[in-house]
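What follows is a short report on a single structure.
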Amino acid sequence: MRKSPWVLIVFVLIGGLLGGILGEILHVMAPQGTIQSIFSTHFMPGINPPLTVDLVLIKLVLGFSLKINILSILGMFVGIYLYKHV
């Protein structure tokens, strides 16, 4: 049975989203120290500041930003694993 690549994208996105949420919760709930510093580490690839094109009649603002932490990456791998075994 052939699986759709769209299903893989959905699994990866949901895994990353749930991992990111769990990372933010642990960042807030964990005591000060090593664990909190691990979960507070993130990087934000994207366009900063957003690209702005002012055409007088229309003003377009284009940009994106991702906040990726360790648990969101782990969640993406779990999503790939579940995709392969479901």
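Here, residue 1 is the first one in the sequence, and each next residue gets the next number.
- Residue pairs meeting the salt bridge (charged side-chain N to carboxylate O under 4.0 Å, His left out) criterion with at least one partner in residues 62-81, sequence neighbours excluded, are Glu24-Lys67.
- Hydrophobic clustering, with ILVMFWY side chains joined whenever heavy atoms are under 4.5 angstrom apart, groups Met76 together with Val7.
- Put simply, the side chain of Val53 does not reach to within 4.5 Å of the side chain of Lys59, judged on heavy atoms.
- When hydrophobic clusters are built by joining Ile, Leu, Val, Met, Phe, Trp and Tyr residues whose side-chain heavy atoms come closer than 4.5 Å, directly or via intermediates, Val10 is not grouped with Leu8.
- Listed by first and then second residue, the ring-ring contact (aromatic ring centres under 6.0 Å, His included) pairs involving residues 57-84 are Tyr81-His85 (not counting sequence neighbours).
- When the side chains of ILVMFWY residues are joined at heavy-atom separations under 4.5 Å, either directly or via intervening members, Val78 and Val12 end up in a single hydrophobic cluster.
- Closest heavy-atom contact between Pro50 and Gly63: CB-CA, 4.3 Å.
- Heavy-atom neighbours of Met44 CE from other residues, nucleotides or ligands within 6.0 Å: above the threshold of 12.
- Using a 4.5 Å cut-off between side-chain heavy atoms of Ile, Leu, Val, Met, Phe, Trp and Tyr, with links allowed through other members, Ile14 and Trp6 fall into different hydrophobic clusters.
- Taking every heavy atom of both residues into account, Ile58 and Leu60 meet most closely at CG2-CD2, 3.7 Å.
- A distance of 11.5 Å separates CG in Leu18 from CG in Leu74, rounded to the nearest 0.5 Å.
- Atom CZ of Phe11 and atom CG of Leu82 lie 6.5 Å apart (nearest 0.5 Å).
- The shortest side-chain heavy-atom distance between Ile47 and Leu62 does not fall under the 4.5 Å cut-off.
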*Could you go through the side chain to side chain contact (heavy atoms under 4.5 Å, CB included) check for Thr41 and Asn69 one step at a time?*
CA-CA 6 Å; Thr41 303; Asn69 61 18; over 6 Å; no

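- Under the 4.5 Å side-chain heavy-atom criterion for grouping Ile, Leu, Val, Met, Phe, Trp and Tyr, Leu66 is connected to Ile73 within one hydrophobic cluster.
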